[in-house]
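When a residue number appears, it is its place in the shown sequence, counting from 1.
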Amino acid sequence: MRTDAAEVLEAAIPILAKDRAASMQTLAARAGISRATLVRLFPTRQHLVRAMAEKILDDCDGALARAEAGDAPVRQVLAALVADYLPFARLWNLVYVEPDVLGVPEASERAEEVFTRTVRLITRAQDAGLLRKDMPATWLTSTFCGLAETAWELTLEGHMGPRQAPDFITSILLHGASA
């Protein structure tokens with residue numbers, strides 16, 4: 001039985017991604033814990049959602065820090081960002097659309113900063129000729145996040161393996177969907 005808050009958050013994130021209206025009882029049952037354990041860790045749904053947002057934003061910060069680290073060529077930086085796509089999928093899926101999170105100015109500010117940092121990396125990829133310059137970097141960043149979310153959902157539903165997702169994202173981001 002999961003009793004660690006981090007494990008419970010990790011279990012709850014995909015549940016809420018698929019069922020935003022999931023009750024605390026439903027979340028506990030699907031996470032394999034009792035409702036009492038869930039409430040001990042997160043007294044209210046709002047506490048749980050805020051903790052999820054904080055975890056997702058921390059994960060995005062970590063992914064961006066890893067991608068931004070060192071003097072790697074831009075292609076490697078973009079590859080590192082795509083390989084670490086999961087936090088961005090979760091950010092796009094949960095943080096931007098969950099009302100309990102949007103009501104928290106700190107979470108919204110952090111989400112905006114994550115987006116801005118990602119735009120800077122995408123701009124570097126445009127400047128290096130990896131991505132089209134005729135598309136706004138904000139649009140390409142949103143596309144990356146949308147592709148990450150789609151890849152995550154396909155993985156959760158069993159339509160794609162987790163190791164296929166970065167290749168899917170890279171292929172569509174760099175080459176589009178044309179034959």
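Judged by distance alone, with hydrogens and angles left aside, the side-chain atoms of T155 form a donor-acceptor pair with the main-chain N or O of A151 at under 3.5 Å. Side chain of Q164 to main chain of G161: a donor-acceptor pair is present (N/O by atom type, distance under 3.5 Å, no hydrogens or angles). In this structure a side-chain-to-backbone donor-acceptor pair under 3.5 Å is present from T123 to V119. In this structure, the side chain of T26 does not engage the main chain of A22 through any donor-acceptor pair within 3.5 Å. Within the 3.5 Å criterion, the main-chain N or O of A36 finds no donor-acceptor partner in the side chain of R40. Formation of a donor-acceptor pair under 3.5 Å by the Q126 side chain with backbone atoms of L131 is not found in this model.
Here E153 pairs with N93, E149 under the side chain to side chain contact (heavy atoms under 4.5 Å, CB included) rule; sequence neighbours left out.
Remark: the T138 side chain and the T141 side chain contain no N/O donor-acceptor pair separated by less than 3.5 Å.
Ionic pairing of E157 and K18 is present here: one or more N-O contacts between side-chain nitrogen and carboxylate oxygen are shorter than 4.0 angstrom. Ion pair E10/R90 flagged as a salt bridge, since at least one NZ, NE, NH1 or NH2 atom sits closer than 4.0 Å to an Asp/Glu carboxylate oxygen. Between E113 and R120 there is a salt bridge, since at least one side-chain N of the basic residue sits less than 4.0 Å from a carboxylate O of the acidic one.
Smallest separation of non-hydrogen atoms from D61 and R117: OD1-NH1, 3.0 Å. In terms of heavy-atom proximity, A137 sits nearest to I122 at O-CG2, 3.9 Å. Heavy atoms only, all atoms of each residue included: L173 and L147 are closest at N-CD1, 4.0 Å. Nearest heavy-atom pair, A31 versus A11, reported as atom, atom and distance to 0.1 Å: CB-CB, 3.9 Å. Contact record, K55 with I13: CD-CD1, 4.0 Å, taken as the closest heavy-atom pair. Here the shortest heavy-atom pairing between L78 and A125 reads CD2-CB, 4.3 Å.
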Verify side-chain contact (heavy atoms from CB on, under 4.5 Å) between I172 and T150, making sure each step is shown before the conclusion.
CA-CA 12 Å; I172 298 296; T150 300; over 6 Å; no
Which is it for L27 and V8 under the side-chain contact (heavy atoms from CB on, under 4.5 Å) test, yes or no, and what are the steps along the way?
CA-CA 9 Å; L27 287 165; V8 171; over 6 Å; no
Run the side-chain contact (heavy atoms from CB on, under 4.5 Å) test on L41 and L9 for me, step by step, so that the C-alpha distance in whole Å, both residues' side-chain angles and the decisive distance to 0.1 Å come before the verdict.
CA-CA 10 Å; L41 295 169; L9 282 176; over 6 Å; no
Would you sort out whether L38 and Q25 count as a side-chain contact (heavy atoms from CB on, under 4.5 Å), showing the intermediate values?
CA-CA 9 Å; L38 181 61; Q25 180 64 42; over 6 Å; no
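Interatomic distance, M24 CE to L48 CG, rounded to the nearest 0.5 Å: 5.5 Å. Expressed to the nearest 0.5 Å, how far CG of L121 lies from CG of L64 amounts to 6.0 Å. The line from OG1 of T170 to CG of L130 is 10.5 Å long, rounded to the nearest 0.5 Å. Atom CG in L57 sits 11.5 Å away from atom CD in E109 (nearest 0.5 Å). Between the CG atom of D167 and the CE atom of M160 there is a distance of 9.5 Å, given to the nearest 0.5 Å. Atom CG of L81 sits about 10.5 Å away from atom CZ of R66, to the nearest 0.5 Å.
Among residues at least two apart or in separate chains, there is no ring pair (Phe, Tyr, Trp, His ring centres under 6.0 Å) pair with a member in residues 38-68.
Screening F115, F168, F88 for a ring-ring contact (aromatic ring centres under 6.0 Å, His included) with F144, the sole residue that qualifies is F88.
Side chains of E68 and V77 form no contact here, defined as non-hydrogen atoms less than 4.5 Å apart. Counting only heavy atoms from C-beta outward, the side chains of L174 and R75 approach each other to under 4.5 Å.
Other residues, nucleotides and ligands contribute at most 12 non-hydrogen atoms within 6.0 Å of the CG atom of D71.
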